[in-house]
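Read through the structure below, which is laid out as structure tokens, and then see the notes.
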Amino acid sequence: MQSDSSPPVRATWLWFVHNLPVPIIVIAVVLVGRALEFSDRPGPYVMHVAMIAAINVILAVSLQLINGVSGQFSLGHAGFMAVGAYLGGYATYTFGPWNYDPNADYPDPRQLFANPGGALACFVALAVVAAIGFGLVTALILVIRSLRRIFPALPLIVIAMLVVWVVIDARAAANSPNIPSACIWSRGAIGLVNLYSSIILHSQSGALALSGILPYSWRKPATLLVAIFGGGAAAAVAGLVVGIPTLRLRGDYLAIATLGFAEIIRNVIVTIPALGAATGLSINVYWTKPSPPDHIYEAFYISPWIFGTAALTFVLVRRLAHSPLGNAIKTVRDDEIAAAAMGIDPTRHRVIAFVTGAFLAGVAGALYVHLDGYLNTNSFSFMRSIEIVVMVTLGGMESLAGAAIAAVALTAIPELLDNAERFLPGALAAQAHWMSDNRFVIYAFLLLVIMITRAKLKSAFWRSPGRKPQSIGHK
Amino acid sequence: MTKFAAMIWRFLLFLLGVGLLAFPLGARGDDIVIGEYGSLTGGTATFGTSTDEGVRLAMDQINAAGGVLGQPLRVVVEDDQSKPEAAVTAVQKLISEDHVVAVIGEVASSRSLAAAPICQRNHIPMLSPSSTNPKVTQVGNFIFRACFIDPFQGAAMANFAMKNDLGPKATKFAILYDVKNDYSVGLRQFFTETVKANGGQIVADESYGEGDIDFKAQLTNIEKASPDAIYVPGYYTEVGLICRQARDLGITVPLMGGDGWDSDKTFEIGRDAVNGCFFTNHYSPDEDSPRVKDFVAKFQAKYSAVPDAMAILGYDAMGMMADAIKRAGSTDGRAIRDALAHTQNYPGASGEITMDRHRNAEKPIVILKIENDHPHFVATVQPTASAAP
Amino acid sequence: MQQFLQQLINGLSIGAIYALIAVGYTMVYGVLRLINFAHGDVYMIGAMTGFYAATRWFHLAQPTWLGFFFVLICSMLVCGCLGFFIEMFAYRPLRNQPRIVSLITAIAVSMLLEFGGQAKWMFGPDPKPFPDLIPGVELHPDLLHMGDVVIGKVDTLIFAVTIAMMFALRYIVRETKMGLALRAVSYRFDTASLMGVNVNRVISFTFVLGSVMAATAGVLVGLRSPKVDPLMGLLPGLKAFIAAVLGGIGNIGGAVAGGLLLGITEAMVVSYVPRGSQYRDGVAFLVLIAILVVKPSGLFGRAAIDKV
């Protein structure tokens, strides 16, 4: 890319040339996807698997941005996906319908996603409440940290006292029907929830007016767009919350901290009744097959969205990685001190990479929820994060295309193996089934073999114990 | 290779990967194909394999008697590895690749909920043998179940525990439920409602998560509240441990649960601690009914093992489906759906089954008491109209 | 007050298990700066080995002290060898690689053990009932009754074994030559090898020692909560790591203190926070994040193993 050294007159033309492939590739992928969906081959099952593969591509590419490009090892990617999925799904399910009549002879599914303004209002309300909540918590933390100057152990003591106070507060609130006015923490929490409800309530008419401005056929795509961006933004906020406290952590600590955050997110989601609690969240979905022939309305297909977003994500992240910003991030990964000496702020660049990765994971989640229509917290466990890490690692630790290909391969190959008996002779089919059943053992084994052979290839000194292990933090 | 060419290559590889899946995967034959999806592997593998054994036993019997509508019956089974997202893919495959006329599955309500919308969308009737969460059949009018629902189950245990002379005759209850399991959460809700409606009290309400091995902290809280009985509506994987740790802490009151208790593991792990406990179930192996005895005998002949509740429900589900197809006279989804909806007094091994207007089966519940490490029949609770939501 | 005491005892009992596993984490980290993700699964293998030893290999009809020791030794042997081989084949080739590589390898080993264990040709996914190995527990599980507070025999045994292991470890680290070598390697890796310390042997020794303690934890937990399954090591492993961080990673005494503290915190949260049992697992992670934010070196933090 020679954008910097060319004279300004030609810069615009070059910019177009360099950026033209982006929409072309995206449109090409979308059209191919739509054509495949409308035809008899490959059929809804294959399309479903292909869409899951595309979502995994988004996840793998975004994790590669965090792991490979930025060098921060995150084991909590499924948590961000969960945030995007649950909030995106909740927004369309609760605020999407407008004048939907389920008892009509031919209920129109477009009416289920007719209120983008409502979904937008939901996210705005969440944003306001989150800003206030996090702002207060951050202020508290800063105050506590500043106490260190007075006395080194003071922060720990203050935190312990705070914890006890909050617990007493919560117990008093739980034990009485009316929360006593002394329980400021419980009242604060309830107050935030009430704030959310009242914002929603007061914005309903405005939201409907906003939705009314859009032409009828634009509302469904607009609602989905709001859900995707909203889910992504919520996941980005989660990424900020996770990323900032863990800034000073390296390698292993960061991995465990991200894992911990993902588990906490899951733990919290499973206790919220509005998000389905243990039963899971069931929402209305976009259909991926033409509606039954005797219904006249059109269905809206999710495949263009999923394929298009996957292509867009891949191309954009690739560009980001090769852009000046990407180079800065890579420099911070390679040598933080040198980067800081060159004037590149390591903190800022790490956070940018982390938050972008989280945003994309949230987008993937929002797309996923509209594909399957059902969410269960068991789908976003530590194992899911590990699956994505396996995809990134098997694809090559620094290659974005490799991550994408590995994502497709690791989604498609188990399905192929499952279907083996349809096109393989009997004995081979049994082997294929065994491989599919034990796929995680095979992944682990592959991972081990690849890691060790890489090491042997790279360094000829593996027998010598004299080499000091790279010990970051061993100061 | 230039970067651009490399990018094109990888793009083509990507498309190839997708296109590989366009193999001719299914073929129509002239038998009637019924799809089954279940958890043959994964954490709840015993549920899926038991159901499958029951289904296959029924299939063999039906085919030996001439099949359905003059054609043999074939069951295609897909494994969902105990994961909801895999259940979606499995059912999608059954419908679009195997061209099934109906689907049987699943045991876990969460996986039934995941897959039901696909069956509904494609107008393929789905019959769940043992999902008890009420929401499953609310997905649409093509979704049925061959068992009772949690409101009935929770209420039955509550009523038994409070009113029946053979029970603990308790008024104060503690609950220890699995917060991550929809089945457990649902049962707790309905149990609590019935207890309060009968004038009882819930003195302690504790939770755990699937996979926990230490419950002493929760049980200590429960002990402090001095309940007359403890309701533990969880899966067998934790129940045995809970009973043992309760006895270790000196808790002597009986524990009670739902059909999730039904497994050998409960007795293997719980041993002496589960004696004197009660649970609700779909059938009792020592029930004095000729159909039960017949089923148990045939099952033992084929598999050399005693069937559990999942097996008998799978058996009945398959039988009901074949019966519905016969009455429908065709393999059209809508016809089968109508026939299923009008199932009346079907002679199932687990009892006479009638489909109510919410597409749930009206069936009696049995209450079992564990004595000498085995469950024994204690009482039957008949379905009442008020039990339906 | 009774409830508080009982919860304290519950917490100490769980905490002792975390402590035993945490010591393994902290020792390996002190020496190699590596989080051995597979350590939790070594604990699981210990429990599984104990199960198979007791039921299949030795056919112990009656619980006896001799039988218990046999099973324990068997378990320790198997896990010691397992730890040794994991280090030799998975971690040693990668000693000069960036930390991310070792981390991924550790996760791969962990996955291999977990999913290999779940396979039908290994243990199978179903939980197995761990038999009673301590004589007298079946009929009289309680050691002491102080009013309403019950102290179980098994819990006392766990606590006693943990303390005994602590003292044994302290002796090894302080009084033996190997312990000296261990402290040297954890302080300065290359200088120790310059001084003639056989670093490979020291590291293998560390792994074996840690694995032996994990095996002990596995057998003890099987006695306490007699259900063992291939996935039982995942969460306790993570919590033990959090305990090690809490106490100051690299510090053995800190690991034990961290384990006990974490166990007590869990019990207290379940007992006193409204609906706290729902957040039981989340608490451990909150503690981790709190300690990393406020005092990353842990409560007794020191990077080298030089204090027990």
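Chain letters run A, B, ... following the sequence lines, proteins first and then strands; every chain starts at 1. Quick caveat, the model's predicted, so the values are computed rather than measured.
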For this session: Check the pair Leu249(B) / Gln6(C) against side chain to side chain contact (heavy atoms under 4.5 Å, CB included), numbers first and verdict last.
Result: CA-CA 9 Å; Leu249(B) 278 177; Gln6(C) 183 72 63; 3.7 Å; yes
Exercise. Contact part of Ile213(B) toward chain C, heavy-atom cut-off under 4.5 Å: side chain, backbone, both or neither?
Worked result: both
Exercise. How many angstroms lie between atom OG of Ser271(C) and atom NZ of Lys224(B), to the nearest 0.5 angstrom?
Worked result: 7.0 Å
Exercise. Would a distance-only check, ignoring hydrogens and angles, find a side-chain to backbone donor-acceptor pair under 3.5 Å from Thr220(B) to Gln7(C)?
Worked result: no
Problem set entry | Under 4.5 Å from any heavy atom of chain C - which part of Ser263(B) | neither
Exercise. Taking side chain as C-beta onward, heavy atoms only, is Lys216(B) less than 4.5 Å from Ile9(C)?
Worked result: no
Exercise. Which answer fits Pro125(C), side chain, backbone, both or neither, if we ask what part of it has an atom under 4.5 Å from a heavy atom of chain B?
Worked result: side chain
Seminar exercise, completed: d(Asp214(B) CG, Asn10(C) CG) to nearest 0.5 Å is 6.5 Å
Seminar exercise, completed: Test side chain to side chain contact (heavy atoms under 4.5 Å, CB included), reference Asp126(C), set Thr46(B), Thr44(B), Asp264(B), output is Thr46(B)
For this session: Evaluate whether atom NE2 of His376(B) has more than 12 neighbouring non-hydrogen atoms of other residues, nucleotides or ligands under 6.0 angstrom away.
Result: yes
Exercise. When only pairs under 4.5 Å are counted, which of Glu266(C), Arg224(C), Met232(C) shares the most heavy-atom pairs with chain B?
Worked result: Arg224(C)
For this session: Please flag which part of Thr237(B) lies under 4.5 Å from any non-hydrogen atom of chain C: side chain, backbone, both or neither.
Result: both
Problem set entry | Per-residue contact mode, Phe267(B) against chain C (heavy atom under 4.5 angstrom) | neither
Problem set entry | Nearest non-hydrogen partners of Arg280(C) and Asp212(B), listed with the distance | CD-OD2, 4.4 Å
Exercise. What part of Asp205(B) is in contact with chain C, defined as an atom under 4.5 angstrom from a non-hydrogen atom: side chain, backbone, both or neither?
Worked result: neither
For this session: Decide if atom NZ of Lys302(B) counts as having more than 12 heavy atoms of other residues, nucleotides or ligands within a radius under 6.0 Å.
Result: yes
Problem set entry | Options Lys180(B), Arg244(B), Glu223(B), ranked by heavy-atom pairs under 4.5 Å with chain C, top entry | Arg244(B)
Exercise. Chain C heavy atoms under 4.5 Å from Gln245(B): which part of the residue, side chain, backbone, both or neither?
Worked result: side chain
For this session: Kindly indicate whether the side chain of Asn221(B), heavy atoms from C-beta on, has any atom under 4.5 Å from the side chain of Tyr272(C).
Result: no
For this session: Can you tell which part of Val269(C) gets under 4.5 Å to a heavy atom of chain B, answering side chain, backbone, both or neither?
Result: neither
For this session: Examine whether an atom of Asp229(C) lies under 4.5 Å from a heavy atom of chain B, and if so say whether it belongs to the side chain, the backbone or both; otherwise answer neither.
Result: neither
Exercise. In Å and rounded to the nearest 0.5 Å, what is the NZ to CD1 distance from Lys227(C) to Ile269(B)?
Worked result: 6.5 Å
